[in-house]
Enquirer: 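Quick one: structure below, then a few questions.
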Amino acid sequence: MRSIMKSLTLLSSLLMAVIANAQPHTCWGPSHEAQMQARLQHNLTNLDADAATYRDIRFVPIKFHMVADGQGNGAVAITDILDQLCRLNQDFLAHDIQFFLKDGINFISEEALYTYGEYPNEAGDAIMLAEQDDNAINVFIVNEVGQTFSIPSTYFPTEDWILINKDFVHGDGLLLPHEVGHFFSLLHTFTGWPAPYDESVYGLQAPSMAANGTPTELADQSNCEIAGDFICDTPPDYWFTEPFVNCRYVGEVTDPNGAPVDPDEQLIMSYYFDCPRDGYHFSPIQGQVMNADLETPERAYLQASPIGNMAAISGVPELLTPLNGETLPGTMVEFSWTAVENAEAYLLEVSRSPNFSVDYVGLVIYGTSLLANHLIPDAKYYWRVRPYNSYQVCQSPGNPASFETGVELAQANLIGPDFWSVYPNPIASGQSLHLSIFDRTPFRGNVKLLNTAGQVLHRQVLIHHGRDQQFRLPLPHLAAGIYWITLQTLEGASVQKIVISDN
């Protein structure tokens with residue numbers, strides 16, 4: 001039976017608000033506390049005491065689900081997902097755990113999930129259950145979650161996902177590494193204190209029992225195996241909210257024996273979020289625990305060989321069309337660029353501002369070209385391309401190019417979906433061509449393959465459901481040369497060139 005971890009609703013800004021306002025929030029309810037602790041204790045008993053790290057890097061499949069509203073708008077930017085995965089792998093590299101994209105990035109347009117609110121949300125949970133990948137860590141990135149941080153279960157056979165707000169998925173994001181730490185059975189460093197430490201209640205010398213009735217962890221860590229987070233290389237942490245200077249706790253609270261308490265503010269499993277990002281880390285034993293968790297039978301579904309190209313990517317694509325500084329005759333443009341070795345996909349970014357913040361569009365293209373039909377007339381655009389593969393996601397895009405559109409009437413009879421692309425291109429004779437459509441409006445259309453004389457060689461009906469969608473077009477065996485793919489809808493038609501090679 002496939003394992004389950006949890007649904008974790010945790011927001012960085014809310015956590016900082018918790019710290020500032022001393023409101024009692026945690027990541028899960030009391031009904032799951034015992035399950036989490038039992039799981040951690042099981043992993044602690046199965047550590048490899050003779051090895052600080054495991055000999056080989058463990059590659060773990062991860063599936064990102066970018067969630068939009070019912071009209072297909074508002075989803076997290078794909079570039080932020082790639083930046084977050086890059087940072088996640090940096091945080092886990094010291095512990096020989098790395099994550100790779102499982103079958104690309106999933107796009108979901110569902111209002112009930114986009115505005116999830118509080119857990120449980122029956123409609124939102126049903127969508128995640130239907131969309132989750134059974135062989136990956138599933139990360140659903142939504143617009144809204146409530147202020148109750150909760151995990152429904154641990155190793156429970158109906159749910160296996162992390163739920164996170166889109167505003168905190170980016171290159172400096174600390175939230176996802178924190179959640180993945182929980183996924184691999186780590187507790188908060190301040191476990192035992194379900195609310196921030198209140199000196200007016202507990203005094204400057206902490207009581208012998210923590211707020212939840214467990215022993216208070218001592219500064220000399222002599223009781224570390226039965227107190228706090230049960231991990232003996234993370235110092236005691238009573239969830240302090242003040243006073244802090246330059247990210248360091250400078251208060252006077254002592255442990256029950258009168259020894260000063262000095263938490264490690266840059267442990268990822270803490271609730272301190274204002275330190276320099278590069279200093280955040282997991283402790284060595286935390287790393288061993290996460291590796292032990294991956295060894296459990298319940299995690300067998302994650303113990304798979306990497307899928308896809310994992311090789312390093314060097315260089316950036318050369319932008320071919322439109323030419324930098326070009327003024328187009330109309331509002332349709334074909335974007336094209338050179339292929340980069342070991343790239344599986346390309347993130348094409350288009351915007352009306354040089355910092356890519358105005359009228360931004362980011363699309364995953366599996367080939368090296370895309371046709372855009374409905375750009376704004378008489379407008380200046382900027383574009384750039386970022387290559388990546390299943391594991392190598394840290395590559396930056398090259399320098400952007402710019403172009404200007406002409407008047408819309410110049411192409412009144414050449415219109416169709418907002419964006420569409422075909423790949424591979426060039427393609428060997430007899431192979432299947434793939435067509436990607438990026439459009440929020442459903443339509444029924446026809447695809448035709450034509451030779452240079454205008455003869456129709458293949459025809460196929462397409463039913464587009466109003467979301468990012470891919471179609472497979474089996475091609476007949478044809479002589480090498482130039483051909484044309486025409487996509488016809490009720491609005492009109494648009495055309496892309498393909499090249500069929502000898503092999």
Enquirer: Considering residues at least two apart in sequence or located in another chain, which fulfil the salt bridge (Lys or Arg N to Asp or Glu O under 4.0 Å) criterion with Arg386?
Expert: Asp83
Enquirer: Check whether any side-chain N or O of Glu111 sits under 3.5 Å from a backbone N or O of Gln71 as a donor-acceptor pair, and report yes or no.
Expert: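 Side chain of Glu111 to backbone of Gln71: no pair is present.
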Enquirer: Output, in order, the C-alpha distance, side-chain angles, deciding distance and verdict of side-chain contact (heavy atoms from CB on, under 4.5 Å) for Trp420 and Leu435.
Expert: CA-CA 7 Å; Trp420 65 286; Leu435 186 150; 3.8 Å; yes
Enquirer: Testing the basics here: between Gln303 and Thr296, what is the closest heavy-atom pair and its distance to 0.1 Å?
Expert: NE2-O, 3.5 Å
Enquirer: Is Asn165 reaching over with its side chain to a backbone N or O of Asn143, donor-acceptor style, under 3.5 angstrom?
Expert: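 Checked: pair present.
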Enquirer: Go through the structure and list residues passing side chain to side chain donor-acceptor pair (under 3.5 Å) with His170, not counting sequence neighbours.
Expert: none
Enquirer: If you compare all heavy atoms of Ala123 against all heavy atoms of Ala112, which two are closest, and at what distance to 0.1 Å?
Expert: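 Minimum heavy-atom contact is CB-CB, 3.8 Å.
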Enquirer: If we ignore angles and hydrogens, is there a donor and acceptor under 3.5 Å between the side chains of Asn309 and Tyr391?
Expert: no
Enquirer: Just jot down the side chain to side chain contact (heavy atoms under 4.5 Å, CB included) partners of Cys394, sequence neighbours excluded, or say none.
Expert: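 In terms of side chain to side chain contact (heavy atoms under 4.5 Å, CB included), with neighbours along the sequence ignored, Cys394 is linked to Cys86.
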Enquirer: Hey, could you give me each pair passing salt bridge (charged side-chain N to carboxylate O under 4.0 Å, His left out) that has a residue in residues 347-358? Not counting sequence neighbours.
Expert: Glu349-Arg384, Arg352-Asp359
Enquirer: For Tyr388, check side chain to side chain donor-acceptor pair (under 3.5 Å) against everything at least two apart and list the hits.
Expert: none
Enquirer: Decide yes or no for Leu473 and Val422: does some side-chain heavy atom of the first lie under 4.5 Å from some side-chain heavy atom of the second?
Expert: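 Side chain of Leu473 against side chain of Val422, heavy atoms only: no contact under 4.5 Å found.
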Enquirer: Check whether any side-chain heavy atom of Glu334 lies under 4.5 Å from a side-chain heavy atom of Ser421, and answer yes or no.
Expert: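 No; the side chains remain at least 4.5 Å from each other.
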Enquirer: Check whether any side-chain N or O of Asn389 sits under 3.5 Å from a backbone N or O of Ala311 as a donor-acceptor pair, and report yes or no.
Expert: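 Yes.
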Enquirer: Can you name the salt bridge (Lys or Arg N to Asp or Glu O under 4.0 Å) partners of Glu265, sequence neighbours left out?
Expert: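 Applying salt bridge (Lys or Arg N to Asp or Glu O under 4.0 Å) to Glu265 gives Arg248.
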Enquirer: Show your reasoning for whether side-chain contact (heavy atoms from CB on, under 4.5 Å) applies to His188 and His178.
Expert: CA-CA 9 Å; His188 292 126; His178 180 104; 3.3 Å; yes
Enquirer: Does Thr405 use its side chain to pair, donor to acceptor, with the backbone of Gly330 at less than 3.5 Å?
Expert: no
Enquirer: Assess, by modelled atom type and distance only, whether the side chains of His95 and Asn291 contain a donor and an acceptor separated by less than 3.5 Å.
Expert: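 Note: His95 and Asn291 side chains miss the donor-acceptor criterion.
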Enquirer: Kindly compute the distance separating OH (Tyr423) from CG (Leu433), expressed to the nearest 0.5 Å.
Expert: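 Reported to 0.5 Å precision, the distance equals 9.0 Å.
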Enquirer: Do the side chain of Tyr272 and the main chain of Leu267 share a donor and acceptor less than 3.5 angstrom apart?
Expert: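 Not confirmed, Tyr272 side chain does not pair with Leu267 backbone.
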Enquirer: Just wondering, do Asp96 and Asp56 contact through their side chains at under 4.5 Å, heavy atoms?
Expert: no
Enquirer: With sequence neighbours excluded, what pairs up with Arg277 under the side chain to side chain donor-acceptor pair (under 3.5 Å) test?
Expert: Asp91
Enquirer: Atom CD1 in Ile137, atom CZ in Phe64: separation rounded to 0.5 Å?
Expert: 9.0 Å
Enquirer: With side chains defined as the heavy atoms from C-beta onward, is the minimum distance between Leu475 and Gln431 less than 4.5 Å?
Expert: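 SC-SC contact between Leu475 and Gln431 ruled out.
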Enquirer: If you compare all heavy atoms of Glu344 against all heavy atoms of Tyr366, which two are closest, and at what distance to 0.1 Å?
Expert: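 Shortest heavy-atom separation between Glu344 and Tyr366 comes out as O-CD2, 3.6 Å.
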Enquirer: For a 4.5 angstrom cut-off between non-hydrogen side-chain atoms, does Met269 reach Ser283?
Expert: no
Enquirer: What pairs with Gln496 under side chain to side chain donor-acceptor pair (under 3.5 Å), at least two apart in sequence or on another chain?
Expert: none
Enquirer: Can you give the donor-acceptor pairs under 3.5 Å from side chains of residues 336-343 to other protein atoms, not counting sequence neighbours?
Expert:
residue: Ser336; atom: OG; partner: Thr321; partner atom: N; Å: 3.3
residue: Ser336; atom: OG; partner: Thr321; partner atom: OG1; Å: 2.5
residue: Thr338; atom: OG1; partner: Glu318; partner atom: N; Å: 2.8
residue: Asn342; atom: ND2; partner: Ala312; partner atom: O; Å: 2.8

Enquirer: Taking atom CD1 of Ile62 and atom CG of Asp133, what is their separation to the nearest 0.5 Å?
Expert: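 That separation rounds to 11.5 Å.
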Enquirer: Would you say Leu186 and Asp229 make side-chain contact, with heavy atoms under 4.5 Å?
Expert: no
Enquirer: Would you please classify the geometry between the Tyr271 ring and the Phe273 ring as parallel, tilted or perpendicular, with 30° and 60° separating the classes?
Expert: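 Rings of Phe273 and Tyr271: tilted, as their planes differ by 30° to 60°.
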Enquirer: Do Val60 and Val180 come close enough that some side-chain heavy atom pair is under 4.5 Å?
Expert: no
Enquirer: Between Ala75 and Met66, what is the shortest heavy-atom contact and its length?
Expert: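 Here Ala75 and Met66 meet closest at CB-CE, 3.9 Å.
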Enquirer: Do Phe99 and Val139 come close enough that some side-chain heavy atom pair is under 4.5 Å?
Expert: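 No, side chains not in contact.
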Enquirer: Any disulfide (SG to SG under 2.5 Å) pairs touching residues 309-375, not counting sequence neighbours?
Expert: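 For residues 309-375, and leaving out neighbouring residues, there are no disulfide (SG to SG under 2.5 Å) pairs at all.
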Enquirer: Let me confirm one number: the CD1-CZ distance from Ile127 to Phe140, rounded to the nearest 0.5 Å.
Expert: 9.5 Å
Enquirer: I'd like to know if the side chain of Thr331 reaches the main chain of Pro377, judged simply by a donor and an acceptor atom lying under 3.5 Å from each other, with no hydrogens or angles considered.
Expert: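 Judged by distance alone, no pair lies under 3.5 Å.
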Enquirer: With a 3.5 Å distance limit and no angle check, can you tell me whether Ser353 reaches the backbone of Val358 through a side-chain donor-acceptor pair?
Expert: yes
Enquirer: With distance as the sole test, does His281 use its side chain to make a donor-acceptor pair with the main-chain N or O of Gln266 at under 3.5 Å?
Expert: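 Yes; judged by distance alone, with no hydrogens or angles, the pair exists.
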Enquirer: Would you say the side-chain atoms of Asn425 pair up with the backbone N or O of Val499, donor to acceptor, closer than 3.5 Å?
Expert: yes
Enquirer: Looking at every non-hydrogen atom in both residues, tell me the closest pair between Ser432 and Arg472 and how far apart they are.
Expert: OG-NH2, 3.0 Å
Enquirer: Apply side-chain contact (heavy atoms from CB on, under 4.5 Å) to Thr79 and Tyr360, showing your working.
Expert: CA-CA 11 Å; Thr79 186; Tyr360 172 84; 3.9 Å; yes
Enquirer: For the pair Tyr381 (side chain) and Ile376 (backbone), establish whether a donor and an acceptor sit closer than 3.5 Å, ignoring hydrogens and angles.
Expert: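 Looks like yes, one N/O pair under 3.5 Å.
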Enquirer: Could you label the plane-to-plane angle of the Phe335 and Phe403 rings as parallel, tilted or perpendicular, counting under 30° as parallel and over 60° as perpendicular?
Expert: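 Judged by the thresholds at 30° and 60°, the geometry between Phe335 and Phe403 is perpendicular.
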Enquirer: Report the residues that fulfil side chain to side chain contact (heavy atoms under 4.5 Å, CB included) with Asn399, sequence neighbours left out, ordered by chain and then residue number.
Expert: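 So Asn399 forms no side chain to side chain contact (heavy atoms under 4.5 Å, CB included) with any residue.
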Enquirer: If I take atom CD from residue Glu179 and atom CD1 from residue Ile268, how far apart are they, to the nearest 0.5 angstrom?
Expert: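 One finds 12.0 Å between CD of Glu179 and CD1 of Ile268.
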Enquirer: Can you name the side chain to side chain contact (heavy atoms under 4.5 Å, CB included) partners of Ser402, sequence neighbours left out?
Expert: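 Partners of Ser402 by the side chain to side chain contact (heavy atoms under 4.5 Å, CB included) criterion, ordered by chain and then number, come out as Asn324, Lys380, Tyr382.
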Enquirer: State, without any angle test, whether Ser185 and Arg39 hold a side-chain donor-acceptor pair at a distance under 3.5 Å.
Expert: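 Arg39 and Ser185 do not have a side-chain donor-acceptor pair below 3.5 Å.
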Enquirer: Atom CG in Asn138, atom NZ in Lys63: separation rounded to 0.5 Å?
Expert: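 Result: 8.5 Å between the selected atoms.
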Enquirer: Please give me the minimum heavy-atom distance between Met310 and Ser390, naming the atom from each residue.
Expert: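 Closest heavy-atom pair between Met310 and Ser390: SD-CB, 4.3 Å.
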Enquirer: Evaluate side-chain contact (heavy atoms from CB on, under 4.5 Å) for Phe438 paired with Leu370, printing each intermediate quantity in order.
Expert: CA-CA 10 Å; Phe438 309 90; Leu370 174 129; 3.7 Å; yes
